[in-house]
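For reference, the structure is listed below as structure tokens.
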Amino acid sequence: MSLDEITQDILALDLKGIGKFRAKALATHLWRARDRSYPAVDVGSLVIKQLQARIDNILRLSAERDEIISDMVGLARKLPEYDILCSIPAIAENTAVRLIAELGDIRRFEKRSQINSFIGIDLVQIESGNYAAQRRITKHGNPHARKLLYWTVVNMVNSTAKPNHIRDYYTKRQETASRRKPLLVSCMDRLIKTILYLIKTNQLYSYELAGSM
């Protein structure tokens, strides 16, 4: 099988987020891997059939997830915070409905520090005698919301993302930051502040206004 044929097979799966360039990159990895592997079992082996069954199961679960997300979008559109979240760069309908599902009614929080604690990015410092360790996030609370906000921020600071104040902040601090993850956590805190403010005041995102917050 040629490299082009492998690429076309990957594209034929119609996987979300896999375009021509990504498909070709994956095909190239598989193509190079053939030099380091050999047929271990016969094509009709039960091992192959089991692998195919698991792949089919993954594709089925992925399709079911997309269907559930679609239903969630239909319900979330009735809420005012849905349009507000979707107005923020890098937050599409999938992320918006998942944020609503994980965070619930954001209006119940009075301060962003309460949301930080709810998702586990509030800071804690471990001390013992004269020793004080570097401050770290607690990682308590809702891990799904924490992961969701983390990847939202990663997408926001991406160079291809629409202009937003989170990326501006990240770019400015990146030069002096010693580690990337604490900087991303700081960006998460700023995003949470923005989300809470917009929903509390019932406003859509504005790049110009967000920069002054």
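This chain uses plain numbering: 1 for the first residue, then up along the sequence.
The backbone N or O of I69 sits nowhere less than 3.5 Å from a side-chain atom of R98 that would complete a donor-acceptor pair. Using modelled atom types, no side-chain atom of N57 and backbone atom of A53 make a donor-acceptor pair closer than 3.5 Å. Between the S117 side chain and the Q114 main chain, no donor and acceptor come within less than 3.5 Å of each other.
Scanning for salt bridge (Lys or Arg N to Asp or Glu O under 4.0 Å) contacts around E81 gives R107, with sequence neighbours left out. A search for side-chain contact (heavy atoms from CB on, under 4.5 Å) contacts involving T176 returns nothing, not counting sequence neighbours. With sequence neighbours left out, T171 forms a side-chain contact (heavy atoms from CB on, under 4.5 Å) with R167. Every residue two or more places apart in sequence or in another chain that forms a side-chain hydrogen bond (donor to acceptor under 3.5 Å, both in side chains) with S186 is listed here: Y169. Considering only residues two or more places apart in sequence or on other chains, N116 meets the side-chain hydrogen bond (donor to acceptor under 3.5 Å, both in side chains) condition with D189. Scored by the side-chain contact (heavy atoms from CB on, under 4.5 Å) test, L59 finds L15, I55 as partners (sequence neighbours excluded). Every side-chain hydrogen bond (donor to acceptor under 3.5 Å, both in side chains) that E64 has, sequence neighbours left out, goes to R60. When the side-chain contact (heavy atoms from CB on, under 4.5 Å) test is applied to S62, the partners found at least two apart in sequence or on another chain are R65, D66. Listed by chain and number, the residues in a side-chain hydrogen bond (donor to acceptor under 3.5 Å, both in side chains) with N142 are E102 (sequence neighbours excluded).
R54 CZ: 12 or fewer foreign heavy atoms inside a 6.0 Å radius. For K162, the NZ atom sits in a loose shell: 12 or fewer heavy atoms of surrounding residues, nucleotides or ligands are nearer than 6.0 Å.
A side chain to side chain contact (heavy atoms under 4.5 Å, CB included) with L196 is found for exactly one of L103, L191, I115, namely I115. Partner of Y170 under the side chain to side chain contact (heavy atoms under 4.5 Å, CB included) criterion, out of V154, V153, V157: V157 alone.
Residue I106 holds its CD1 atom at 8.5 Å from CZ of R108, rounded to the nearest 0.5 Å. One finds the CG atom of L198 at 8.5 Å from the OH atom of Y205 (value rounded to the nearest 0.5 Å). Rounding to the nearest 0.5 Å gives a distance of 7.0 Å between CD1 of I121 and CG of L149. Put simply, CD1 on I84 and OG1 on T194 are 12.5 Å apart, with the number rounded to the nearest 0.5 Å. Atom CG of N164 and atom CG of N158 lie 10.5 Å apart (nearest 0.5 Å). Taking CG from D56 and NZ from K49, the interatomic distance works out to 13.5 Å, rounded to the nearest 0.5 Å.
The two residues D83 and L204 have their closest heavy-atom pair at O-CD2, 3.6 Å. Nearest heavy atom pair, residue L85 against residue A96, reads CD1-O, 3.8 Å. Residues I10 and I18 approach most closely at CG2-CG2, 4.0 Å, considering heavy atoms. Listed here is the closest heavy atom pair of P163 and P89: O-CG, 3.9 Å. Heavy atoms only, all atoms of each residue included: M188 and I119 are closest at CE-CD1, 4.5 Å.
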Apply side-chain contact (heavy atoms from CB on, under 4.5 Å) to the pair I100 and M72, showing each step before the final yes or no. CA-CA 10 Å; I100 293 172; M72 290 172 64; over 6 Å; no
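Pairs of residues two or more places apart, or lying in two chains, that qualify as ring pair (Phe, Tyr, Trp, His ring centres under 6.0 Å) and include a residue from residues 58-115 are F109-F118. Within the structure, salt bridge (Lys or Arg N to Asp or Glu O under 4.0 Å) pairs that include any residue of residues 4-14 do not occur (at least two apart or interchain).
Side chains of Q52 and I48 form a contact here, defined as non-hydrogen atoms less than 4.5 Å apart. Taking 4.5 Å as the limit, some side-chain heavy atom of K181 sits within range of a side-chain heavy atom of Y150.
Following chains of ILVMFWY side-chain contacts shorter than 4.5 Å, one cannot reach V73 starting from L75, and the two form parts of different hydrophobic clusters.
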Less than 3.5 Å apart, which donor and acceptor atoms pair up between the side chains of residues 19-28 and the rest of the protein, not counting sequence neighbours?
unit_1, atom_1, unit_2, atom_2, d
T28, OG1, K24, O, 2.7

